[in-house]
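Comments concern the structure below.
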Amino acid sequence: MSHIVQIQTEVRDPLAVRSACDRLKLPQPTQGEFKLFSAKAVGLGVELPGWRYPVVCDTASGQIHFDNYGGRWGEQSRLDAFLQRYALEKASIEARRKGHTVVEQPLEDGSIKLTVQIGGAA
Amino acid sequence: MSIEIIVSPNGESRVETKGFAGSSCREASQFIESALGKRVGEELTPEFHQQTASQHVQQWDR
């Protein structure tokens, strides 16, 4: 039996942020206060390739702060890829924490499917 | 029984449960859903309703 839920990602887990950076071969994130052009943000700063300012993850609120000037100071696709990887790492961490096995499979449209086996299946 | 999570290229997730009995699928995937972020929509599949309906029938039979 089945149901389907749509979820908007909130970045709340520093461990999953670090894991996403590892998988994407990004520098390890650092905690602190970061300048975003004229604004400032506090949180876990992630350096994306080609981005002028870091993406700052406020893991207390789940919000991310960035200023890529509509794509001129950093490609949106880099941020999207980070958020996709974060969601995959977070789901995998939670599933493994409960003892479930996880299988990852890329799909043709660029999505990635994670299958979590429940109930003792190997 | 399994939970399928499809993460789109922009980081949005779609969580689908498969093979659970009745509404237990909701409890089974709750830990993943709350970990990922904010729920923005839910769709109950025909199988969910069929199972719920058959459970009601069984209760009436007793």
Side-chain angles (χ1 to χ4, degrees), chain A residues 1-13 15-16 20 24 55 57 59 61-64 76-121, chain B:
Chain A
M1 306 309 110
S2 179
H3 79 305
I4 300 168
V5 177
Q6 305 283 345
I7 302 198
Q8 189 179 338
T9 302
E10 293 178 327
V11 181
R12 292 182 179 275
D13 184 354
L15 183 64
L24 294 173
V55 171
C57 306
T59 52
S61 71
Q63 302 299 305
I64 56 170
Q76 182 66 33
S77 61
R78 297 288 190 179
L79 176 56
D80 291 345
F82 168 72
L83 291 173
Q84 183 187 38
R85 182 41 61 186
Y86 169 83
L88 290 162
E89 295 302 309
K90 179 60 177 164
S92 298
I93 288 169
E94 294 301 323
R96 291 196 180 110
R97 197 171 274 165
K98 284 188 172 284
H100 304 316
T101 55
V102 180
V103 177
E104 192 175 308
Q105 179 190 357
L107 303 180
E108 281 184 10
D109 68 354
S111 299
I112 297 177
K113 181 166 86 172
L114 212 59
T115 304
V116 178
Q117 290 293 341
I118 310 282
Chain B
M1 293 182 290
S2 65
I3 304 170
E4 276 187 10
I5 303 133
I6 295 179
V7 186
S8 71
N10 68 359
E12 303 276 300
S13 301
R14 178 179 180 277
V15 178
E16 180 170 3
T17 51
K18 296 197 166 177
F20 290 89
S23 58
S24 68
C25 61
R26 278 176 157 165
E27 295 156 27
S29 59
Q30 178 61 37
F31 77 100
I32 295 255
E33 294 167 18
S34 58
L36 283 175
K38 188 166 58 181
R39 177 190 273 233
V40 289
E42 181 185 36
E43 178 189 335
L44 298 178
T45 63
E47 290 89 348
F48 182 97
H49 293 293
Q50 281 165 17
Q51 177 69 15
T52 304
S54 67
Q55 283 174 343
H56 283 304
V57 170
Q58 286 166 5
Q59 284 165 5
W60 280 111
D61 285 342
R62 282 177 199 148

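Convention: sequence-line order gives letters A, B, ...; per-chain numbering from 1. This is a predicted model, so every value here is computed, not measured. What you see below is based on every heavy atom in this structure, not just the backbone, and it leaves out hydrogens, waters and symmetry mates.
If you take CD1 on Ile32(B) and CG on Leu114(A), they are separated by 7.0 Å, rounding to the nearest 0.5 Å. Here the OG atom belonging to Ser34(B) is positioned 8.0 Å from the CD1 atom belonging to Ile7(A), to the nearest 0.5 angstrom. Expressed to the nearest 0.5 Å, how far CD of Glu4(B) lies from NZ of Lys113(A) amounts to 4.0 Å. Residue Met1(B) holds its CE atom at 10.0 Å from CD of Gln117(A), rounded to the nearest 0.5 Å. We find the CG-CG distance between Leu79(A) and Asn10(B) to be 9.5 Å, quoted to the nearest 0.5 Å. In this structure, NZ on Lys90(A) lies 12.0 Å from CD1 on Ile5(B), to the nearest 0.5 angstrom.
Residues that satisfy the side chain to side chain donor-acceptor pair (under 3.5 Å) test with Gln63(A), not counting sequence neighbours, are absent from this structure. The side chain to side chain donor-acceptor pair (under 3.5 Å) test applied to Arg78(A) returns no partner, not counting sequence neighbours.
Only the backbone of Ala81(A) comes within contact range of chain B, with at least one heavy atom under 4.5 Å from a heavy atom of that chain. In this structure, the portion of Leu107(A) lying under 4.5 Å from any heavy atom of chain B is its side chain and not its backbone. For Asp13(A), no part sits under 4.5 Å from any heavy atom of chain B, backbone or side chain.
The minimum heavy-atom distance between Phe31(B) and Glu94(A), with the atom names listed, is CE1-O, 3.6 Å. Residues Ser13(B) and Ala87(A) approach most closely at OG-CB, 3.9 Å, considering heavy atoms.
Ranking Gly37(B), Pro9(B), Ser2(B), Gly11(B) against chain A, the residue ahead of the rest is Pro9(B), based on heavy-atom pairs under 4.5 Å.
Using a 4.5 Å heavy-atom threshold, the side chains of Ile118(A) and Ile3(B) count as touching.
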task: Show your working on side-chain contact (heavy atoms from CB on, under 4.5 Å) between Gln6(A) and Glu42(B) and close with a plain yes or no.
output: CA-CA 6 Å; Gln6(A) 305 283 345; Glu42(B) 181 185 36; over 6 Å; no
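Judged purely by atom type and a 3.5 angstrom limit, Thr17(B) uses its side chain to pair as donor or acceptor with the backbone of His3(A). Within the 3.5 Å criterion, the main-chain N or O of Ile4(A) finds no donor-acceptor partner in the side chain of Glu43(B).
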